[in-house]
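To find a chain, count down the sequence lines: A is the first, B the second, and so on, and within it residues start at 1. All values below were derived from every heavy atom in this structure, side-chain atoms included, with hydrogens, water molecules and symmetry-related copies excluded.
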Number of protein chains: 2
Amino acid sequence: MPKQRDGSDGPRTSARPAQNSAPAAGRMRSSSKTIRIVPLGGVGEVGKNATAVECGTDLLMVDAGVKFPEEEQSGIDLVIPDVSYVRERIDRMRGIMLTHGHEDHIGALPFILPQLAHDGWRVPLYGSRLTLGMVEAKLRERRALEYATFHPVEPGETITVGQIAVEFIPVAHSIPGSFMLGLHTSAGLVVFTGDFKLDVTADTLFQTDQNRLRELGDQGVLALLSDCVRIERQGRTPPETLVFEAINHLMQEAKGRVILTTFASNIPRLERAIHMAHAMGRQSAIVGRSMDQNMTVAAELGYITLPPGSVVSADEANHLPDNKVVLLTTGSQGEPTSALARIASGSHPFIQLHPGDTVVLSAEPVPGNTETVSRTIDNLFRRGAIVIYKDLNPHVHVSGHASREELRDVIRLLRPRYLAPVHGEYRHQWLYSLVAQEEGYTADKVLIAELGDVMEFSQDQAGKVGHVPAGAVLVDGLTVGNVSREVLRDRQHLAADGVVVVTLVVDRHSGELVTEPEITARGVIGGETDGFILESIDALKRMLQSKYRGKPEYGDLVARVKESVGSFIWQKTHLRPLIIPGIVEI
Amino acid sequence: MPKQRDGSDGPRTSARPAQNSAPAAGRMRSSSKTIRIVPLGGVGEVGKNATAVECGTDLLMVDAGVKFPEEEQSGIDLVIPDVSYVRERIDRMRGIMLTHGHEDHIGALPFILPQLAHDGWRVPLYGSRLTLGMVEAKLRERRALEYATFHPVEPGETITVGQIAVEFIPVAHSIPGSFMLGLHTSAGLVVFTGDFKLDVTADTLFQTDQNRLRELGDQGVLALLSDCVRIERQGRTPPETLVFEAINHLMQEAKGRVILTTFASNIPRLERAIHMAHAMGRQSAIVGRSMDQNMTVAAELGYITLPPGSVVSADEANHLPDNKVVLLTTGSQGEPTSALARIASGSHPFIQLHPGDTVVLSAEPVPGNTETVSRTIDNLFRRGAIVIYKDLNPHVHVSGHASREELRDVIRLLRPRYLAPVHGEYRHQWLYSLVAQEEGYTADKVLIAELGDVMEFSQDQAGKVGHVPAGAVLVDGLTVGNVSREVLRDRQHLAADGVVVVTLVVDRHSGELVTEPEITARGVIGGETDGFILESIDALKRMLQSKYRGKPEYGDLVARVKESVGSFIWQKTHLRPLIIPGIVEI
C-alpha cells in the first residue's frame with residue numbers, strides 16, 4: 001500500500017476571479033464523474049510537454065517543458081506551451097506535478113509560473129527531490145523563485161490535492177527521480193506514464209515498479225496516457241548495463257585519457273563511469289557547467305555516492321598522467337559552445353586534446369543535431385583522437401524511452417478502459433493506436449489528441465468534447481509571446497536576401513527631391529558600393545522625375561520606391577532583398 | 001581487353017594563355033612519371049565532388065557537382081567547387097570525366113563550364129549516354145549548352161585524351177550508367193571508384209565489373225581513390241533485390257492505391273516497380289517533374305523498357321479503380337514543394353490522398369532532412385494513409401554506396417600501391433585509413449587529403465606536395481561567388497533579431513535635427529508602433545541634443561545613433577536588431 005500524505009498550499013479561494021468567460025469553457029462544465037484532459041504540449045510534437053487535468057472542481061497540470069525552435073522560427077530562443085486554458089481556471093488550479101527533470105518537462109516553468117501565480121498565491125510544484133532541485137536552480141537563475149512552492153515526494157508516495165490523490169510511481173529513465181503518475185479521482189484512475197522504460201537491469205533504486213502497475217491494473221484503470229515516441233523501434237530498449245559494459249571495456253583498452261560525453265542529466269551513467277574509472281585507478285574530472293551543476297545537486301540530495309578522491313578538478317586532471325584520467329564532458333549534441341565541441345576545435349580554455357585520447361560519445365544525435373555532432377567527430381579525428389560513437393559501437397548509448405514491446409507490456413499490465421498516446425508526433429500516436437488494436441482495443445477506445453483537444457473520460461464513454469486555445473508561445477529575448485507571423489516572415493526574408501534602405505528627402509509641397517537619394521545595403525551581395533546598387537538609384541531618380549511632378553501621396557511614394565528599387569535589383573541579380581524606404585518630407 | 005577509341009575535341013593549342021603565374025603552381029611542375037591529383041570538392045564534405053588530375057602536359061577533371069548550403073549560409077542557393085586551379089592551367093585541360101548523373105557529381109556544370117570555355121573552345125564532357133542526357137537537359141535549362149561538347153562512352157570503353165587513356169568500368173549504383181574510372185597514364189594506373197556498390201544481385205546490365213577490377217589489380221595499380229562515405233556501416237550494403245521483394249509484397253497487400261516515392265534518379269527501382277505493378281494489373285503514373293524528366297530521358301536512350309500500356313497519365317490514373325493504380329512520386333526527402341509533400345498536406349493540384357492508400361517511402365532522409373520527412377509522414381497518417389518507411393520496414397530502401405566490407409573488397413581486388421579516400425567527411429576518410437591499415441598498408445601509403453591539397457603519386461613515392469586555392473563558391477540568384485563572409489554574417493544577424501532603420505535629416509552647418517527622426521522596424525517584435533521603439537526615438541533625441549551642439553562629424557554621428565538606439569532596445573528587450581541609420585545632411 002503506497003504512503004499517503006495530504007497536499008497543502010492549495011490556492012486560497014479568495015484568489016483573483018478566473019477569466020472564465022470563454023464560451024467553449026462555459027459549455028464544457030466539469031463533473032466529478034468525468035475527468036477531462038487537455039494536452040497543451042507534447043502531442044503532435046516532441047517537447048514542451050504540458051497537460052491540464054480537470055476533475056470536479058480540481059485542476060492540475062502535469063509537466064511544463066520547453067521545445068527548441070524550428071528552423072523557420074528565426075531568432076526565437078525557446079518555445080513554451082500556451083497555458084491560457086489553465087489561467088482561465090486558476091481558481092481550481094491545485095499545482096503542477098513534475099514527472100522528471102528534463103528540459104522538455106520542466107523548462108517552461110520560469111516563464112509560465114509568473115503567468116499563473118497571483119495575489120500572493122504561489123504555484124505548488126510536486127516532484128522528486130532531484131527534479132525540484134533542478135527546478136529551483138532554474139527558477140533562481142531566471143528570478144522566478146517567488147512564484148512557486150516546493151513539495152518533494154518520495155518514490156511510491158501519494159499526495160492529495162483537492163479531491164485528487166496523485167501517486168508517484170517510480171520508473172526507469174535516463175535521469176533519476178522519474179515518476180509515472182497515478183491520478184486517483186472520483187471518476188476513476190488515470191495513469192500518465194511520463195518518460196520511462198522497463199529496464200530490469202537498471203539500478204534497483206530507479207527501476208520501474210511493474211508490480212505496482214499490475215496492482216493498479218487489477219484495481220481498474222480508466223485511462224492510460226502513454227509515452228509513444230519510440231514506438232517505431234521494434235522489441236525492447238536494450239538495458240543500461242550494456243552501456244556500462246561498453247564503457248568499462250573502452251576504459252580498460254584506453255592507453256591515454258578517456259573523454260566521455262553524455263547528456264548532462266544522465267546522472268546514473270556519469271556516476272557509474274566515475275566508479276569504473278576509480279576501480280581502474282583513474283580519477284575523473286567534470287568539464288561543463290550544466291553537468292557539474294547536475295552532479296552537485298544529485299550528490300547533495302543523496303542520489304549518488306562517489307568514492308572519496310574519485311573526482312578531481314580539471315586543473316588537477318591536467319597534472320596527472322594521461323592513463324590516470326577520465327574527463328566527463330558536455331557536448332553530446334555537438335553544441336558549438338559545449339566543452340566537447342571546444343576541445344574538438346582546439347578552442348577550449350584549459351583542455352587540450354592529446355593524440356591517443358579515447359573519446360566516447362555515449363549519446364546519439366537528436367534530429368536536427370546530426371550535422372553538429374558529425375563536425376565534432378570530424379574535428380576529434382583530425383586532432384588524433386580515437387573516437388567511439390554509436391554508428392561504430394551501438395552499445396555506447398541506449399535510449400531512456402520504452403520501445404514498442406515495452407509500451408505493449410504497460411498496456412497489458414494496466415489493462416486500461418481507454419488509451420491516449422501522448423508525448424510523440426502524430427505518426428507515433430497513430431502507430432501506438434495500431435498496437436492498442438493488436439491488443440484487442442477497438443479504434444474508439446484509443447483517443448489521438450492534438451494540441452488543445454479536450455478529452456473527456458468516464459466509466460461509460462470517452463471522447464474529444466471540444467477544443468481550446470493551445471499551441472506555441474515563442475520566447476525571444478525578454479519577450480514571451482507576442483511574436484507575430486509577420487515578424488518571423490520578415491526575418492526569413494531578411495535572412496535570404498538582406499535589406500536595402502533607401503533614404504529620400506522630398507519637399508513637402510512640390511514633392512521634389514531635396515538631396516540625392518541615399519542607399520544602404522546589408523546582407524546583399526556586393527553591398528552598397530556595387531554597381532547595381534548605384535545604378536538602382538539612377539533608375540529610382542528617373543522614375544521619380546517622370547512620375548512625380550507635383551506633390552505625391554506619401555503611401556504611394558513608398559510603394560513606388562519599393563517597386564522601382566526592388567524590380568531593378570531582381571532584374572540584375574535575381575535576389576529580392578527587403579526594401580525599406582526612409583522618406584522624410586521637409 | 002576493353003574497347004579503345006581516341007578522344008577528340010581537345011583544346012586547340014592556340015587557346016588563350018593560361019593565367020599560370022601563381023608561385024605555388026610554378027613550384028609544382030608536372031612530370032610524365034608522376035600523377036598529380038587535387039580534390040576540389042568531395043573530401044572533408046559530402047557533395048560538390050570535383051577532382052583535378054594532371055600528368056605530364058595533360059589535365060582533366062573528374063565530376064563537377066553541387067552541394068546544398070549549410071544552415072549558416074543564409075539565403076544561398078547552391079555551393080559549387082572553386083575551379084580556379086583548372087582555369088589557371090586551361091591550356092592543358094582535356095575535358096571532364098563524369099562518373100554518373102547525380103547532382104553532387106554533375107550539378108555544378110552549368111556554372112563552371114562558362115568559367116572554363118574560352119575563345120570558342122568548348123569543354124569536352126565524357127560519360128554514359130544517360131549521364132550526358134541529364135547534363136544536356138540541365139545545361140539547356142541554364143542556357144549553358146554552348147560551353148560544352150558531348151562524348152558518350154559505353155560501359156568498358158576506353159577513350160584517350162592527350163596522353164591519358166580513361167577506362168570507364170561499369171559499376172552498380174542507384175542510377176544507371178555509373179562508372180568507375182581507370183586512368184592509364186605514363187606514371188601508372190589510377191582508379192577512381194566514383195560512387196558504387198558491389199551488389200551482385202543487381203541487373204546484370206548495371207553490375208560492378210569485379211573481374212575487370214581483378215585484371216587491373218593483376219596489371220598493377222598505382223593509386224586507388226575510393227569512395228568512403230558509408231564506411232561506418234559494417235558488412236555489405238544489402239542487395240537491391242531485397243527492395244524489389246519488399247515493394248512487390250507491399251503492392252500485393254495493398255487494397256487501395258500504392259504511392260511509391262524514391263529518389264527521382266533511381267531509375268532501375270522505378271522501372272522495376274512499373275513492371276511489378278503491371279504484372280498485378282496496376283497501371284503506373286509518374287507524378288513529379290524531375291522523375292518524369294529522368295524516366296523520359298532513360299526510356300529515350302534505351303536504359304529502360306516498359307510494357308506497353310503500363311504507364312498512364314496522372315489524370316488517367318485518377319479515373320481508374322484505386323486497386324489498379326500505382327503512383328510514383330518525388331518527395332522522398334520531404335521537400336515542401338515536392339509531389340508527395342503536397343499530397344500529404346492536401347495541396348496537390350490533382351492528386352488527393354484516399355484513405356487506405358498505401359504510401360511507401362523507398363528512401364531514407366539524408367542528414368538535415370529528417371524533420372521534413374517526418375512532417376510528410378505525419379501528414380500522410382493524418383489523412384488516413386498506410387505509410388511504410390525505413391524505420392518500420394528496413395527493406396524498403398538500400399543505399400547505393402558500398403559499406404565497409406565492400407570497400408575492403410575493392411582494396412583486395414586492386415591491391416594498389418597507394419590509397420586516398422575521397423567522397424567522404426574527415427571521419428570517413430580516417431576510418432578508411434584504418435581499414436587500409438588492417439589490410440597491411442602502413443599509414444604513409446594512405447593519403448588523407450583536404451580540399452585543395454595537391455597529392456602526387458609516382459612508383460617510388462606518394463605525398464602531399466602543396467596546397468592550392470579550393471573551396472566553396474556560393475551561388476545566390478544570378479551571382480556566382482563574390483558572397484562575402486560579411487554578407488552572410490549580416491543575414492544571420494537580420495534573421496535573428498530583425499532590422500531597425502533610423503532616418504535623420506540634419507542641418508549640414510549646425511548639425512541640428514531638421515525634422516523628427518523616423519524609425520522603421522522589420523522582423524522586430526512589436527514592430528515600429530510598439531512603445532519601446534517610440535521611446536528609443538526620445539532617447540536618441542536626448543542624446544543628439546546633449547552631445548551634438550555644433551556640427552558633428554558624419555561617421556561619428558552614425559556610430560552614436562547605432563549605439564543609442566541599439567542599447568536602448570537591448571535594455572528593453574534583450575534583442576540586438578541591426579541598426580541602420582539613414583542620415584541625410586541638408
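- Comparing A:R233, A:R489, A:E425 by how many heavy-atom pairs each has under 4.5 Å with chain B, the most go to A:E425.
- Of the listed residues (B:L474, B:L504, B:D497, B:V502), the one with the most heavy-atom contacts under 4.5 Å to chain A is B:D497.
- Remark: B:W430 CH2 to A:R382 CZ distance equals 11.5 Å, nearest 0.5 Å.
- Not counting sequence neighbours, the partners of A:H395 by the side-chain contact (heavy atoms from CB on, under 4.5 Å) test are A:L242, A:A246, A:N393.
- For B:I580, the part lying under 4.5 angstrom from a heavy atom of chain A is the side chain only.
- Annotation: side chain of B:V584 is not in contact with side chain of A:V584 (no heavy-atom distance under 4.5 Å).
- When heavy atoms are compared at a cutoff of 4.5 Å, B:E516 does not approach chain A at all.
- For the set B:R375, B:E70, B:Q234, B:K572, the entry with the most heavy-atom pairs within less than 4.5 Å of chain A is B:R375.
- Heavy atoms closer than 4.5 Å to chain A are found nowhere in B:S484, neither backbone nor side chain.
- No option in B:T376, B:D378, B:N379 other than B:D378 meets the side chain to side chain donor-acceptor pair (under 3.5 Å) test with A:R427.
- In this structure, chain A has no heavy atom under 4.5 Å from any part of B:Q73.
- Heavy-atom pairs under 4.5 Å with chain B peak, among A:I586, A:T573, A:V514, at A:T573.
- Highest contact tally toward chain B, considering only A:G44, A:G582, A:P581, A:S374, is held by A:S374 [criterion: heavy-atom pairs under 4.5 Å].
- Here the CG atom belonging to A:L478 is positioned 7.5 Å from the CG atom belonging to B:L575, to the nearest 0.5 angstrom.
- Among A:G368, A:P365, A:G498, A:A496, the residue with the largest count of heavy-atom pairs under 4.5 Å with chain B is A:A496.
- With respect to chain A, the highest number of heavy-atom pairs below 4.5 Å among B:Q492, B:E518, B:E486 belongs to B:E518.
- Using a 4.5 Å cut-off between heavy atoms, B:S74 touches chain A through backbone and side chain atoms alike.
- Although no hydrogens or angles enter the test, the distance criterion places no donor-acceptor pair under 3.5 Å between the side chain of B:D391 and the main chain of A:E232.
- Of the listed residues (A:L488, A:T479, A:T370), the greatest number of heavy-atom pairs within a distance under 4.5 Å of chain B belongs to A:T479.
- Every residue meeting the salt bridge (Lys or Arg N to Asp or Glu O under 4.0 Å) condition with B:D476, not counting sequence neighbours, appears here in chain and number order: B:R491.
- Contacts with chain B were tallied for A:E450, A:Q429, A:R576; A:E450 has the most, counting heavy-atom pairs under 4.5 Å.
- Taking all atoms of both residues into account, the shortest heavy-atom contact from A:V524 to B:V487 is O-CG2, 3.5 Å.
- Ranked by heavy-atom pairs under 4.5 Å with chain A, the list B:P367, B:G75, B:G523 is led by B:G523.
- Residue A:Q571 touches chain B through its backbone alone, counting heavy-atom pairs closer than 4.5 Å.
- Only the backbone of B:I583 comes within less than 4.5 Å of a heavy atom of chain A; no side-chain atom from C-beta onward does.
- Among all heavy-atom pairs drawn from B:F381 and A:L431, the shortest one is CZ-CD2, 4.0 Å.
- Between atom CG of residue B:L494 and atom NE2 of residue A:H493 there is a gap of 10.5 Å, rounded to the nearest 0.5 Å.
- The distance from the CG atom of A:D490 to the CZ atom of B:R522 is 4.0 Å, given to the nearest 0.5 Å.
- Only the side chain of B:R404 comes within contact range of chain A, with at least one heavy atom under 4.5 Å from a heavy atom of that chain.
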